[in-house]
Amino acid sequence: MIATVDVPELVASIYRETLHDETLDTNSDFFEAGGDSLTAFQITARLQASLDVEIPVALVFAYPSPADLAEVVAADF
């Protein structure tokens, strides 16, 4: 399923919804946008539901931009 999805844009849209900021794009930083551990869990839960893969919450902290996170998710899952 991941191959048929624009993963960076999906992640960015989940960031926008979860962080309530429509200005976020694929290069936005999770921490600069006000992200915390609760929103990281919400982001991974939404990604898991959308992509049907298990995504460790630590990846949001290690790869804070949607583009970086999407690259890891697409490559590893």
Side-chain angles (χ1 to χ4, degrees):
M1 176 170 188
I2 290 179
T4 63
V5 174
D6 181 353
V7 181
E9 185 51 42
L10 172 66
V11 176
S13 72
I14 291 172
Y15 272 44
R16 285 190 288 271
E17 293 169 9
T18 307
L19 295 166
H20 308 289
D21 185 345
E22 289 301 314
T23 66
L24 300 177
D25 62 21
T26 58
N27 295 310
S28 297
D29 184 273
F30 174 74
F31 301 107
E32 291 175 7
D36 57 22
S37 59
L38 178 60
T39 52
F41 277 103
Q42 292 171 336
I43 287 169
T44 56
R46 289 179 181 195
L47 280 172
Q48 289 172 179
S50 296
L51 300 173
D52 197 29
V53 295
E54 184 137 347
I55 299 170
V57 72
L59 290 181
V60 175
F61 296 110
Y63 303 96
S65 79
D68 292 340
L69 181 58
E71 186 176 325
V72 171
V73 169
D76 291 350
F77 302 99

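- Applying the salt bridge (Lys or Arg N to Asp or Glu O under 4.0 Å) test to residues at least two apart or on different chains, none of the pairs has a partner in residues 57-67.
- Atom-to-atom distance recorded for Thr18:OG1 and Leu24:CG is 10.0 Å, nearest 0.5 angstrom.
- For residues 33-43, the set of pairs meeting the side chain to side chain donor-acceptor pair (under 3.5 Å) definition, not counting sequence neighbours, comprises Asp36-Thr39.
- Of all heavy-atom pairs between Leu59 and Ile55, the closest is CD1-CG2, 4.0 Å.
- Phe41 contributes atom CZ, which lies 10.0 Å from atom CD of Gln48 (distance to the nearest 0.5 angstrom).
- Considering CG of Leu51 and CD1 of Ile14, their distance stands at 7.0 Å, rounded to 0.5 Å.
- Residues passing the side-chain contact (heavy atoms from CB on, under 4.5 Å) test with Ala70, sequence neighbours excluded: Val7, Pro8, Val11.
- Qualifying side-chain contact (heavy atoms from CB on, under 4.5 Å) partners for Ala12, counting only residues two or more places apart in sequence or in other chains: Glu9, Arg16, Thr26, Pro66.
- Val60 is not listed as a side-chain neighbour of Leu47, based on a closest heavy-atom distance of 4.5 Å or more.
- Distance check, rounded to the nearest 0.5 Å: CZ of Phe30 to CZ of Phe61 gives 5.0 Å.
- Listed by chain and residue number, nothing satisfies the side-chain contact (heavy atoms from CB on, under 4.5 Å) test with Ala45 (two or more places apart in sequence, or in another chain).
- Annotation: the span from Leu19 atom CG to Ile43 atom CD1 amounts to 5.0 Å, rounded to 0.5 Å.
- Sorted by first and then second residue, the side chain to side chain donor-acceptor pair (under 3.5 Å) pairs involving residues 66-77 (not counting sequence neighbours) are Ser65-Asp68.
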